[in-house]
There are 2 protein chains.
Amino acid sequence: MDSEKRLEYLSRVIRERGNRLTPQRLAILRALVDNDGHPSAEDIHKEILRDFPTTSLATVYKTITLLKDIGEILELGFGDDGSRFDGRKPYPHPHLICTQCGQILDSEVDNLDKLIDSLAFPNQFSVKTHRFDIFGLCSDCAQK
Amino acid sequence: MDSEKRLEYLSRVIRERGNRLTPQRLAILRALVDNDGHPSAEDIHKEILRDFPTTSLATVYKTITLLKDIGEILELGFGDDGSRFDGRKPYPHPHLICTQCGQILDSEVDNLDKLIDSLAFPNQFSVKTHRFDIFGLCSDCAQK
DNA sequence: TAAATATAGATAATAATTATCCGCTGAAAA
DNA sequence: TTTTCAGCGGATAATTATTATCTATATTTA
Ligand SMILES: [Mn+2]
Ligand SMILES: [Mn+2]
Ligand SMILES: [Zn+2]
Ligand SMILES: [Zn+2]
């Protein structure tokens with residue numbers, strides 16, 4: 001997963017669908033593809049403010065919405081705790097979520113789709129997507 | 001899973017911890033254990049109103065909070081779409097969620113804990129709980 | 001250049017849930 | 001029996017991440 005490559009890909013898709021790649025928007029994209037920590041909208045906003053101090057939080061949300069429309073961002077909603085975003089791997093995948101420090105780790109596993117199919121089949125359920133969150137303590141927090 | 005047995009169990013636990021089993025509270029418990037459709041707070045409230053027309057929605061939420069404290073209800077939060085509750089099986093288990101009609105089906109699978117452990121182990125992650133949602137169309141909605 | 005469209009930023013609105021307040025109830029204590 | 005008092009129900013206000021709205025500005029198109 002090359003951040004620069006992914007940034008170029010997203011930039012191209014956005015331009016091709018007639019949207020504009022403003023400096024603020026590019027900065028938001030860069031923050032998303034450079035960060036593998038699943039940042040919140042606030043996290044992204046804070047980072048953008050360094051280069052574009054007048055950027056509104058609404059602008060961050062608008063770019064996230066744009067990426068959602070393209071299907072190039074994965075949103076992990078946590079109700080009142082807000083959402084965290086994965087702009088590097090927009091497809092569903094398991095996450096290890098530390099309930100102590102808030103860190104979110106990516107995880108991969110083979111044959112998860114097969115398991116999901118085996119759950120859906122008996123109910124004649126047609127699968128579109130999924131969400132698999134594992135909550136607990138990361139290695140750092142577990143030591144304390 | 002006997003609804004009546006579960007109702008008796010919940011009633012006993014609530015009394016044993018010094019809480020009171022008011023008629024409204026009992027009605028809310030009954031609505032929860034009788035319904036395997038993963039009702040929302042509103043759903044429960046509507047049902048309670050038939051027998052106790054002055055019940056406040058806040059009372060429903062308070063009883064749900066009580067059950068959460070005991071660990072005897074599973075909350076499935078969906079952000080702005082609110083939460084759905086499982087008062088029959090309070091432990092984590094996979095759900096098949098129809099994005100068309102909102103129906104939520106229970107699902108069970110062997111060795112899910114083993115799979116989760118295999119994901120957590122490489123990261124030295126200490127698992128506490130999990131959430132596994134599968135989104136798609138139920139058999140009814142898929143036919144249309 | 002002129003017109004059309006998209007976007008940024010500011011601000012108001014949304015809505016599920018939670019907090020707060022107050023009067024009531026019921027069981028235990030005196 | 002009377003008093004006490006924590007728990008509770010109901011009403012209402014507050015919370016807060018996100019979305020909608022509005023206007024000025026920037027960019028593209030003709
Ligand atoms: Mn991820
Ligand atoms: Mn369930
Ligand atoms: Zn941690
Ligand atoms: Zn359906």
Side-chain angles (χ1 to χ4, degrees), chain A residues 10-32 38-70 73-85 102 104, chain B residues 10-11 13-32 38-70 73-85 102:
Chain A
L10 292 178
S11 304
R12 182 164 53 79
V13 173
I14 286 174
R15 275 190 304 255
E16 277 174 359
R17 77 196 293 274
N19 290 105
R20 293 171 193 170
L21 201 59
T22 63
Q24 294 93 332
R25 195 166 275 180
L26 184 62
I28 293 168
L29 293 185
R30 202 182 295 278
L32 276 168
H38 303 85
S40 66
E42 279 285 7
D43 292 335
I44 297 167
H45 186 223
K46 282 202 201 99
E47 186 161 338
I48 305 308
L49 285 180
R50 292 202 314 246
D51 291 322
F52 301 91
T54 66
T55 308
S56 166
L57 182 57
T59 297
V60 176
Y61 277 110
K62 282 180 207 168
T63 299
I64 289 171
T65 300
L66 173 62
L67 289 171
K68 278 196 228 170
D69 291 342
I70 309 175
I73 194 171
L74 184 69
E75 175 171 14
L76 302 176
F78 295 101
D80 285 345
D81 295 330
S83 288
R84 306 277 292 269
F85 300 93
I104 298 180
Chain B
L10 292 178
S11 304
V13 173
I14 285 175
R15 275 190 304 256
E16 278 174 359
R17 79 196 293 272
N19 291 104
R20 293 173 192 167
L21 200 60
T22 62
Q24 294 93 331
R25 196 166 275 182
L26 185 61
I28 293 168
L29 293 185
R30 203 182 294 279
L32 276 168
H38 304 84
S40 66
E42 278 284 8
D43 292 336
I44 298 166
H45 186 223
K46 283 202 200 100
E47 188 161 338
I48 305 308
L49 285 180
R50 292 202 313 247
D51 292 322
F52 302 91
T54 67
T55 309
S56 165
L57 182 57
T59 297
V60 176
Y61 277 110
K62 282 178 202 168
T63 299
I64 289 172
T65 300
L66 173 62
L67 289 172
K68 278 196 228 171
D69 292 342
I70 309 175
I73 194 171
L74 183 69
E75 174 171 15
L76 302 176
F78 295 100
D80 285 345
D81 294 332
S83 289
R84 306 279 291 269
F85 300 93

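A, B, ... follow the sequence lines: proteins, then strands. Residue 1 opens every chain.
Applying the side-chain contact (heavy atoms from CB on, under 4.5 Å) criterion to A:Asn19, with sequence neighbours excluded, gives A:Ile14, A:Arg17, A:Arg25, A:Leu66.
For A:Asn19, a side-chain nitrogen or oxygen approaches OP1 or OP2 of C:dT7 to under 4.0 Å. Contact annotation: A:Thr54 side-chain N/O to C:dG9 OP1/OP2 distance is under 4.0 Å. Side-chain N/O atoms of A:Thr55 include one lying less than 4.0 angstrom from OP1 or OP2 on C:dG9.
For the atom pair CD1 (B:Ile73) and CD1 (B:Ile64), the distance works out to 5.0 Å, reported to the nearest 0.5 Å. A distance of 11.0 Å separates CZ in B:Arg15 from CG in B:Leu10, rounded to the nearest 0.5 Å. For the atom pair CG of B:Leu74 and OG of B:Ser83, the computed distance is 10.0 Å after rounding to the nearest 0.5 Å.
One interatomic measurement links the two molecules: CG of A:Asp81 to C1' of C:dT18, which rounds to 13 Å at whole-angstrom precision. Following rounding to the nearest Å, A:Leu57 (CG) and C:dT7 (P) show an atom-to-atom distance of 18 Å. Atom P of nucleotide C:dT7 and atom CG of A:Leu29 are separated by 12 Å, given to the nearest angstrom. The nearest whole Å value for the distance from the CZ atom in B:Arg25 to the P atom in C:dT25 is 16 Å. Rounded to an integer number of Å, the gap from B:Arg15 CZ to C:dA27 P is 12 Å. Atom NE2 in B:His45 sits about 16 Å away from atom C1' in C:dA15, given to the nearest Å. Remark: C1' of C:dT7 and OH of A:Tyr61 are 19 Å apart, rounded to the nearest angstrom. Regarding B:Leu21, its CG atom lies at a distance of 14 Å from the C1' atom of C:dT25, rounded to whole Å.
Take the nearest nucleotide of DNA chain D for B:Asp80 and for B:Ala58: the residue whose nucleotide is more 5' is B:Ala58. Nearest-nucleotide positions on DNA chain C place A:Ser56 closer to the 5' end than the other of B:Ser83 and A:Ser56. The nearest heavy atom of DNA chain C to B:Lys62 and to B:Arg20 marks one nucleotide each, and the one closer to the 5' end goes with B:Lys62.
Between A:His45 and the options A:Leu57, A:Thr59, A:Ile28, a side-chain contact (heavy atoms from CB on, under 4.5 Å) holds for only A:Leu57.
Of all the heavy atoms in A:Phe85 and A:Ala41, the pair that sits closest is CE1-N, 4.0 Å.
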Exercise. Quick one: do B:Leu67 and B:Leu29 satisfy side chain to side chain contact (heavy atoms under 4.5 Å, CB included)? Show the steps, please.
Key: CA-CA 9 Å; B:Leu67 289 172; B:Leu29 293 185; 3.7 Å; yes

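Nucleotides of DNA chain D with any atom under 4.0 Å from a heavy atom of chain A span, from 5' to 3', D:dA17 to D:dT27.
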